[in-house]
Amino acid sequence: MAQQEQSQKPQPQKQQGDKQKPQKQQQPIAELRRVRIEKMERLRDEGVPVWPERFERTHTLEKAADLAEGTEGVRIGGRVIAKRDMGKLIFAKLRDFKGGLQISLRKDGLDPELFKRFKKRIDIGDHVGCAGRIYRTEKGELTLEVESFEFMGKALRPLPEKWAGVKDVETRLRQRYLDLIVNEEARDRFRLRTSVVRTMRRYLDDHDFEEVETPILATKASGAMARPFTSHHNALDIEVTLRIAPETYLKRLVVGGYDKVYEFARCFRNEGMDPSHLQDFTMLEYYCAWWNYEDNMRFTEELVKHTIKEATGGFTVERKDEDGNVTRTLDFGGESWPRVTMRELIQRDCGIDITAQEDAASLRAAMIEQDIRVDKMDVLGRGALVDQLYKKVSRPKLIDPVFLIQHPTDLSPLARRNDDDPSVVDRFQLVVNGWEVVNAYSELVDPLDQRARLEEQAGLRAAGDDEAMDLDEDYLLAMEHGMPPISGWGMGIDRFVALITGQDSLRETVLFPLMRPE
RNA sequence: GGGUCCAUAGCUCAGUCGGUAGAGCAGCAGAUUCUUAAUCUGCGGGUCGUAGGUUCAAGUCCUACUGGACCCA
């Protein structure tokens, strides 16, 4: 019997499909969708607004979960994420962004029509607004006894599996909303990102920094060594590039008199895609006049510790493997993070003293002698070779926070030379878990040295290092109007969030990472 | 650029030696007034990523392509 009744409903649809060819291939999902549209149409027939514009709530679910038993007149709204129908008693679970609450409907506890409507027309995924009183079930769960409810919108497609969630990486990235609906871990991660940004912004504001915005669309890519995205500006008929860093604009502002300035800067680098590089990412940069890199290191330690404490509640971060086993614990709580020069570090890890290797050729020879080979070895200048060498032999070993200081000058064209040793610059990086989290230095404020250094970069560029920096006359012009001593600072926010949320891929810290179209 | 792996129902996954497709959840019908991944009975749902090839026979083997994951340089 039931069987026959069953087959009558879907049947017409199928016959139609057979007769009318143009009807698109019948995806099975269409059946689930059709059922839900039908429910919506029934609701409309019953005079229920199917996309109502408003429901007055007295509490969010997070707040409602703190209410005392017996509280009357509570009005809450949310998405139905579970429904357990026991005949004359229905339990369901509602969720909104920050909380969740169980509701219950008793057949003799509300209008029979409403009870039937909930039973028959409400699907998992739909939104409802409920009014009632708070009580505790026999099993002890705080619950809203629904006295009336309003249908607040239909989900035409089913939600992913309630227990396993969405696992497929591609689906999670392409349809992040599903990841957010179903995976609590994803919600927590993105809320933590927001909290990190908010905490850092407040900390900087509280220390008298000014937040500014500088151009994303520019005529010259500067401030970092990277390939830019280019576009065409129609009105001016010129080539433009998306910024690769906000650095030179923020420093122009210091020329203009800002002495503490920062920007959360979306930057774009047209380079290889891998788990630790996004093409579209967020960098926080700040510049502080009258500071040197030592002052900046102290401030960095305070800022980073404060942020981690606020965001996670502690100073340690656990890194886990695929099975959830803790592989390492990063400790940010150390009294004063250790400082090590690039020279000391490389010497310790492979025996090469970079100070003794004064040019690219001799350094290359020393590396080959140790059987250390890196990409494009024969075209890179000395600075870039040092950098590659460091990344190969040393960086992976740096786990707990450490300040790596005094990088080669020719790797840092915008940084100030060290007074005692002009072959290195007054620069530091905060390295954690083998990742560069912060890059900062005492800024080069001498316009003549700056010109010479940028000309040297142009030479490297001509020799085949396509990451070498471009010469930026407009920035040199600004510099020639006079700069105070400055220390500047940059942090990859995506990377920092990945670090403290235990993610290996930066795409898990970005809501909608770019994907190739399907 | 070179290599390895993955793609099966809306979701999570099985699928043996090549013999024509399975489960759980979700859905539908029914039962059920305290559930918590509710339970119980019954039912529907598939161009096995796409296109070729091998074979009597392909989800399974081969090739290419598409999308994804990872490793190396």
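Residue numbers begin at 1 in each chain, while the letters A, B, ... track the order of the sequences. Below, all heavy atoms of this structure are taken into account, side chains as well, without hydrogens, waters or symmetry copies. Because the structure is predicted, anything quoted here is derived from the model rather than measured.
Between G67(B), C28(B), G24(B), one nucleotide has an atom nearer to the side chain of Arg516(A) than all others, and that is G67(B). Of the candidate nucleotides U12(B), U32(B), C28(B), U32(B) has the atom nearest to the side chain of Met86(A). Side-chain atoms of Ile29(A) lie closest to G10(B) of the nucleotides C25(B), U33(B), G10(B). Relative to the side chain of Arg106(A), the nucleotides C11(B), U33(B), C71(B) differ in distance, and U33(B) lies closest. Picking from U33(B), U12(B), C25(B) the nucleotide with the shortest atom distance to the side chain of Asp108(A) gives U33(B). In this structure, the nucleotide among A73(B), G27(B), U36(B) sitting nearest to the side chain of Ile124(A) is G27(B). In this structure, of C13(B), G10(B), G68(B), it is G10(B) that holds the atom nearest to the side chain of Pro158(A). Distances from the side chain of Trp163(A) to the nucleotides A37(B), C71(B), G67(B) place A37(B) closest. Relative to the side chain of Leu89(A), the nucleotides U33(B), G24(B), G27(B) differ in distance, and U33(B) lies closest. Distance from the side chain of Ala164(A) is smallest for U12(B) among the nucleotides U12(B), G68(B), U33(B).
When the shell of 6.0 Å around NZ of Lys391(A) is examined, it contains more than 12 heavy atoms from other residues, nucleotides or ligands. Applying the 6.0 Å contact sphere to CD of Glu72(A) captures more than 12 heavy atoms from other residues, nucleotides or ligands. Counting heavy atoms of neighbouring residues, nucleotides and ligands inside a 6.0 Å radius, atom CZ of Arg84(A) exceeds 12 of them. With a 6.0 Å radius and a threshold of 12 heavy atoms from other residues, nucleotides or ligands, Lys63(A) has its NZ atom at or below the threshold.
The list of side-chain hydrogen bond (donor to acceptor under 3.5 Å, both in side chains) pairs with a residue in residues 495-506 of chain A, not counting sequence neighbours, reads Glu185(A)-Gln503(A), Arg319(A)-Asp504(A).
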Dot-bracket notation for RNA chain B is requested: 5' to 3', Watson-Crick or G-U wobble pairs only, both distances under 3.5 Å, with ( ), [ ], | and . as defined. (((((((..((((.....[..)))).(((((.......))))).....(((((..]....)))))))))))).
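Between Gln175(A) atom CD and U12(B) atom P the separation is 10 Å, expressed in whole Å. One can place CG of Leu514(A) at 13 Å from P of G67(B), the figure rounded to the nearest angstrom. In this structure, Ile134(A) places its CD1 atom 20 Å from P of C34(B), rounding to the nearest Å. At whole-Å resolution of the value, CZ in Arg95(A) and P in U36(B) are 18 Å apart. In this structure, CE of Met273(A) is placed 14 Å from C1' of C70(B), rounded to the nearest angstrom.
Listed pair Lys167(A) / G68(B) fails the phosphate criterion, with no side-chain N or O lying under 4.0 Å from OP1 or OP2. Contact annotation: Lys39(A) reaches the phosphate of C28(B) (side-chain N/O to OP1 or OP2, under 4.0 Å). For Lys162(A) and A38(B), the shortest distance from a side-chain N or O to OP1 or OP2 is below 4.0 Å.
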CA sep, side-chain torsions, deciding dist, call: Gln406(A), Arg343(A), side-chain contact (heavy atoms from CB on, under 4.5 Å): CA-CA 8 Å; Gln406(A) 295 186 355; Arg343(A) 180 189 173 193; over 6 Å; no
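Residue contacts shown for Arg136(A) are absent, as no nucleic acid heavy atom lies under 4.0 Å away. The residue Asp85(A) sits close to a base: some heavy atom pair falls under 4.0 Å. Within 4.0 Å of Glu170(A), counting heavy atoms only, lie sugar-phosphate atoms of the nucleic acid but no base atom.
Residue whose closest nucleotide on RNA chain B sits further toward the 5' end, between Phe91(A) and Gly87(A): Gly87(A). Taking for each of Lys93(A) and Asp168(A) the nucleotide of RNA chain B with the nearest heavy atom, the 5'-most of the two is the partner of Asp168(A).
With sequence neighbours excluded, the residues that form a side-chain contact (heavy atoms from CB on, under 4.5 Å) with Asp400(A) are Leu330(A), Asp331(A).
Between Asp85(A) and Lys119(A) there is a salt bridge, since at least one side-chain N of the basic residue sits less than 4.0 Å from a carboxylate O of the acidic one.
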